[in-house]
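Keep in mind that the numbers below use all heavy atoms, side chains included, and drop hydrogens, waters and symmetry copies.
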Amino acid sequence: MSKTINMKIKGMHCKGCALGLKGALERLPEVTSAEVTYPAETAVVVWSSDAAYEEALKNAVRGAGFEVEAFQ
């Protein structure tokens with residue numbers, strides 16, 4: 001069963017930031033899609049498993065140079 005996860009992201013400054021974060025999120029094996037919006041500083045991720053997702057997503061976001069401000 002898939003879940004849709006909405007995140008507020010801190011630290012994006014341009015479209016390139018959004019594209020880099022999208023790629024980082026989509027490299028996670030459980031992610032089936034990710035949409036990152038720079039002006040709104042949000043990411044919407046579809047997660048394909050029932051496994052815990054918060055830490056994996058936070059680590060991917062940190063690895064791309066940003067921070068998760070909140071899960072919405």
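Counting heavy atoms from C-beta outward, T37 and P39 have side chains that approach closer than 4.5 Å.
Here OG of S49 is found 7.0 Å from NZ of K3. Values are rounded to the nearest 0.5 Å. A distance of 12.0 Å separates NZ of K22 from CZ of R27, quoted to the nearest 0.5 Å.
Residue F71 is found in a hydrophobic cluster whose other members, listed by chain and number, are I5, M7, I9, M12, L21, L25, L28, V31, V36, Y38, V45, W47, Y53, L57, V61, F66, V68; membership requires side-chain heavy atoms under 4.5 Å apart, directly or through intermediates.
The two residues A24 and A64 come nearest to each other via the heavy atoms CB-CB, 3.9 Å.
Of the possible polar contacts, none joining the K10 side chain to the A70 backbone as a donor-acceptor pair under 3.5 Å is found.
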